[in-house]
Visitor: 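I am attaching a structure below and will ask some questions about it afterwards.
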Amino acid sequence: MADIPNGFTGFSHRDPNFVSAGDAMRRSRYDETSFVTRKQERSVFDAWQPASAASPQAVGSRPVAAQSEVLKYAESSSVQAGAPQFDPDKLATIPEADRRWSWVEIDLNAIRHNASTVKHRLNPGTLLMAVVKADGYGHGAVQCAKTALNSGAEYLGVATVDEAIALREAYVNAPILVLGEPPATAIPLLLAYKIMPSVYTAEFAIRYGEAADAFGVRAPFHLKVNTGMNRIGVRWDETVEFARQIMFHRALDLVGTFTHFATADCPSPVDFERQVKRFAEAVNGLRGAGINPGIVHAANSAAAIRYPDVQLDMVRLGIALYGFYPCPEAYPLIDLRPAMSVKARITDVKTLPVGEGVSYGLNYRSPGAVKICTLPIGYADGLRRGLSGRTDVLLAGRRFHQVGNICMDQCMFEVNLRQRNDLDPQIGDEVTIVGEQGEASVTIDQMAETLGTIQHEIAIGFGCSRLPRIYV
């Protein structure tokens, strides 16, 4: 039987007491207790460090796990018996950021600051809805919802029924609006979890009302009006007729009427003003027909910051809640703080001679006198492949260029020793992919501009990936 590879490579010198997987399997046929009883063999815990090591060593800024550190994850009874066994409950306490050296940090103080700052700008009596769809734009819906509610928000907005249920199961009791009309098959969930849908089709509205009536409860909803974005909603000039078609039902309860602006973040106000006029016609038409429109709301982040006249009864705070400016015109008007940063630790450092390539395609070639540092983060974690060679990272408060194609799970950056000969990067050193270090910064806005997209997409890409989220 040939030796079976165990997946570990790169060891140039084999430990004199090393036992290959193949040898172990052959030996176990004759002596099943050999692993425990043979004193000359190193234990599984000794294998975590060189046999000659007298004390735990440090790798970069991270200590190597010594035997005693590993043993703390074993069952105490097994340790005393001399045959340690790992305890699953203790293993579960190892932080996610120590299982893989890359993570997303969310600053809840920034969320609190952004929500309260916008709240203070609103007219007296105007409500604030925190939009926490897409898992809080990648920042964590539950944590951000609770923080926003504690900072002045009264309402929550989501995109799906399951997003609303997740909030309810986390004991979030504020009013929740699903910003689209869900399938009729989800009506039992709406009623059971006290979730309000948006409504813009008569069929859904009647089925929703009938189901509520059968349980002896009300069926609250918000009426969505299409004023020109032409995505979903009742046409603004058909709003009154639609309301008359459904409002005969005794269980239906119209608690809000809203629209969505397509160009509030654009320099020209022409289309925005057209939507404002159409929405006013729809709301005034309802009132004229004796139908109370309930909470009237239209302003998204851009409109809430740029156009105080459209704050109405409530504003919906989305991207600005997370510290992103919805448009350049908003910068001088309000102080927002980004809540998300992305970090990783160096997992490998190598010095490459002139001409050696890096990563798939070898598109980058070493100019010589450079160290190539590897980070365990890639496009499966939201670091888009289109950023390859077009973004920087931060180490020790300085910017360093990312080089080579970004891989699915890893990427590399360059430390030019001719320019940075005072810096000696080590395995375990912390690197910032998004965020600040000292006076230097790399922002999601910069990445979005490089890729020709919006901040929403980049933030959600990082936050909704497999990277663990850590709240600070």
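This structure is a prediction, so every number in the text was calculated from the model and none was measured. The chain is numbered in sequence order, starting from 1.
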Visitor: Is any NZ, NE, NH1 or NH2 atom of the basic residue among D213 and R250 found under 4.0 Å from an Asp or Glu carboxylate oxygen of the other?
Guide: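 Salt bridge present between D213 and R250.
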Visitor: Between atom CG of N150 and atom CG of L108, what is the distance when rounded to the nearest 0.5 Å?
Guide: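 Here the interatomic distance stands at 10.5 Å.
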Visitor: Run W236 and N226 through side chain to side chain contact (heavy atoms under 4.5 Å, CB included) and show every step you take.
Guide: CA-CA 6 Å; W236 81 95; N226 172 23; 5.9 Å; no
Visitor: Grab the two heavy atoms, one from R244 and one from A289, that are nearest each other, plus how far apart they are.
Guide: NH2-CB, 3.6 Å
Visitor: Any idea which heavy atoms bring L352 and G357 closest together, and the distance?
Guide: CD1-O, 4.1 Å
Visitor: Is D422 paired with R398 through a side-chain N to carboxylate O contact shorter than 4.0 Å?
Guide: yes
Visitor: Counting N and O atoms only, with roles assigned by atom type, does the side chain of S441 sit under 3.5 Å from a partner on the main chain of G435, one being a donor and the other an acceptor?
Guide: no
Visitor: Can you spot which of D429, D348, D424 makes a salt bridge (Lys or Arg N to Asp or Glu O under 4.0 Å) with K371?
Guide: D424
Visitor: Between K224 and I232, does the side chain to side chain contact (heavy atoms under 4.5 Å, CB included) criterion hold? Intermediate values first, please.
Guide: CA-CA 8 Å; K224 177 61 185 291; I232 57 174; 3.6 Å; yes
Visitor: Do the side chain of R418 and the main chain of A369 share a donor and acceptor less than 3.5 angstrom apart?
Guide: no
Visitor: Can you tell me how far CD of Q311 sits from CG of N123, rounded to the nearest 0.5 angstrom?
Guide: 4.0 Å
Visitor: Nearest 0.5 angstrom please: H139 NE2 to C464 SG, how far?
Guide: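 Spacing of NE2 (H139) from SG (C464) equals 10.0 Å.
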Visitor: Do L122 and L128 make a side-chain contact, defined as non-hydrogen atoms from C-beta onward lying under 4.5 Å apart?
Guide: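 They are in contact (side-chain heavy atoms under 4.5 Å apart), so the answer is yes.
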Visitor: How about L156 and V172: do any of their side-chain heavy atoms sit closer than 4.5 Å?
Guide: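 Yes, close enough: below the 4.5 Å cut-off.
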Visitor: Write down the atom of A440, the atom of L394, and the distance for their closest heavy-atom approach.
Guide: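 So the two residues come closest at O-CD1, 3.6 Å.
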Visitor: Hey, are the side chains of H297 and H222 touching, using non-hydrogen atoms and a 4.5 Å cut-off?
Guide: yes
Visitor: Test your reading of the model: is there a side-chain donor-acceptor pair from Q402 to the backbone of F413, 3.5 Å cut-off?
Guide: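 No, the answer is negative, given that no donor and acceptor are paired below the 3.5 Å cut-off.
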Visitor: For M408, I'd like to know if atom CE has over 12 heavy atoms of other residues, nucleotides or ligands within 6.0 Å.
Guide: no
Visitor: Taking NZ in K277 as the centre, count heavy atoms belonging to other residues, nucleotides or ligands within less than 6.0 Å. Is the count above 12?
Guide: no
Visitor: Kindly say whether A264 contributes a backbone atom to a donor-acceptor pair with the side chain of R306 at under 3.5 angstrom?
Guide: yes
Visitor: Could you grab the distance from atom CD1 of I460 to atom OH of Y137, nearest 0.5 Å is fine?
Guide: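 That separation rounds to 7.0 Å.
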Visitor: Are L317 and V131 packed together at the side-chain level, in the sense that at least one heavy-atom pair is separated by less than 4.5 angstrom?
Guide: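 Not touching, per the 4.5 Å side-chain cut-off.
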Visitor: Which heavy-atom pair separates C144 from Y322 by the least distance, and what is that distance?
Guide: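 Looking at all heavy atoms of both residues, the shortest contact is SG-CE2, 3.9 Å.
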Visitor: So which heavy atom on N114 is nearest to which on G323, and how close?
Guide: ND2-N, 3.2 Å
Visitor: So, are K119 and E154 salt-bridged, with charged N and O less than 4.0 Å apart?
Guide: yes
Visitor: Decide whether Y200 and E181 meet the rule of one side-chain donor and one side-chain acceptor closer than 3.5 Å.
Guide: no
Visitor: With a cut-off of 3.5 Å and sequence neighbours excluded, list every side-chain donor-acceptor pair involving residues 326-344.
Guide:
unit_1, atom_1, unit_2, atom_2, d
D335, OD2, H113, NE2, 3.1
R337, NE, H113, NE2, 3.4
K343, NZ, E105, OE1, 3.2

Visitor: Please report the interatomic distance NZ(K146) to OH(Y171), rounded to the nearest 0.5 Å.
Guide: 9.0 Å
Visitor: Tell me, which pairs form a ring pair (Phe, Tyr, Trp, His ring centres under 6.0 Å) where one or both residues lie in residues 362-392, sequence neighbours left out?
Guide: none
Visitor: Decide salt bridge (Lys or Arg N to Asp or Glu O under 4.0 Å) for R100 and D381; before the verdict, give the C-alpha distance in whole Å, the side-chain angles of both, and the deciding distance to 0.1 Å.
Guide: CA-CA 12 Å; R100 181 190 178 202; D381 308 296; 2.7 Å; yes
Visitor: Only one of H260, R278, Q275 clears side chain to side chain donor-acceptor pair (under 3.5 Å) with T227; which?
Guide: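 Only one option passes, and that is Q275.
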Visitor: So do I377 and W101 actually touch side chain to side chain, heavy atoms under 4.5 Å?
Guide: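 Side-chain contact under 4.5 Å: no.
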Visitor: Please find the pair of heavy atoms, one from S465 and one from A380, that lie closest to each other, and give the distance.
Guide: CB-O, 3.7 Å
Visitor: Check whether any side-chain heavy atom of I165 sits under 4.5 Å from a side-chain heavy atom of L167, and report yes or no.
Guide: no
Visitor: Any side-chain heavy atom of F204 sitting closer than 4.5 Å to one from P197?
Guide: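 They are in side-chain contact.
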Visitor: Treating T453 as the side-chain partner and A448 as the backbone partner, does any N or O pair qualify as donor plus acceptor under 3.5 Å?
Guide: no
Visitor: Mind checking side chain to side chain contact (heavy atoms under 4.5 Å, CB included) for S359 and listing every partner two or more places apart, or none if nothing turns up?
Guide: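 N405, C407, M412.
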Visitor: Looking at R469 and D135, is any side-chain nitrogen of the basic one under 4.0 Å from a carboxylate oxygen of the acidic one?
Guide: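 A salt bridge links D135 with R469.
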Visitor: Whether the E356 and S366 side chains hold a donor-acceptor pair (N or O, under 3.5 Å, no angle test) is what I'd like checked.
Guide: no
Visitor: Regarding R466 and D409, does a basic nitrogen lie under 4.0 Å from an acidic carboxylate oxygen?
Guide: yes
Visitor: Test salt bridge (Lys or Arg N to Asp or Glu O under 4.0 Å) on D87 and K72 and set out the steps.
Guide: CA-CA 9 Å; D87 184 337; K72 74 181 181 181; over 6 Å; no
Visitor: Could you tell me whether E457 and R384 make a salt bridge, using a distance below 4.0 angstrom between a side-chain N and a carboxylate O?
Guide: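 Counted as a salt bridge, because a side-chain N and a carboxylate O are separated by less than 4.0 Å.
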Visitor: Using the rule given for ring-ring contact (aromatic ring centres under 6.0 Å, His included), can you reason through F279 versus F258, listing the C-alpha separation, both sets of side-chain angles and the distance that settles it, and then say yes or no?
Guide: CA-CA 8 Å; F279 188 52; F258 73 109; 8.4 Å; no
Visitor: I'd like to know whether NZ of K194 has more than 12 heavy-atom contacts from other residues, nucleotides or ligands below 6.0 angstrom.
Guide: no
Visitor: Please walk me through it: do M314 and Y155 pass side chain to side chain contact (heavy atoms under 4.5 Å, CB included)?
Guide: CA-CA 9 Å; M314 182 165 68; Y155 244 79; 3.7 Å; yes
Visitor: Rounded at 0.5 Å granularity, tell me how far CD1 in I305 sits from CG in N300.
Guide: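 It comes to 9.0 Å.
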Visitor: Decide side chain to side chain contact (heavy atoms under 4.5 Å, CB included) for I295 and M129; before the verdict, give the C-alpha distance in whole Å, the side-chain angles of both, and the deciding distance to 0.1 Å.
Guide: CA-CA 11 Å; I295 300 171; M129 174 190 288; over 6 Å; no
Visitor: For the residue pair R168 and I176, establish whether any side-chain heavy-atom pair is separated by less than 4.5 Å.
Guide: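 Yes; the side chains approach each other to less than 4.5 Å.
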Visitor: For T443, is there any backbone N or O sitting under 3.5 Å from a side-chain donor or acceptor partner on Q446?
Guide: yes
Visitor: Checking T239 side chain against R235 main chain: does a donor-acceptor pair fall under 3.5 Å?
Guide: yes
Visitor: Kindly say whether V178 contributes a backbone atom to a donor-acceptor pair with the side chain of S198 at under 3.5 angstrom?
Guide: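 Side chain of S198 to backbone of V178, a donor-acceptor pair under 3.5 Å: yes, one is there.
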Visitor: Near Q245 CD, under 6.0 Å, is it more than 12 heavy atoms from other residues, nucleotides or ligands?
Guide: yes
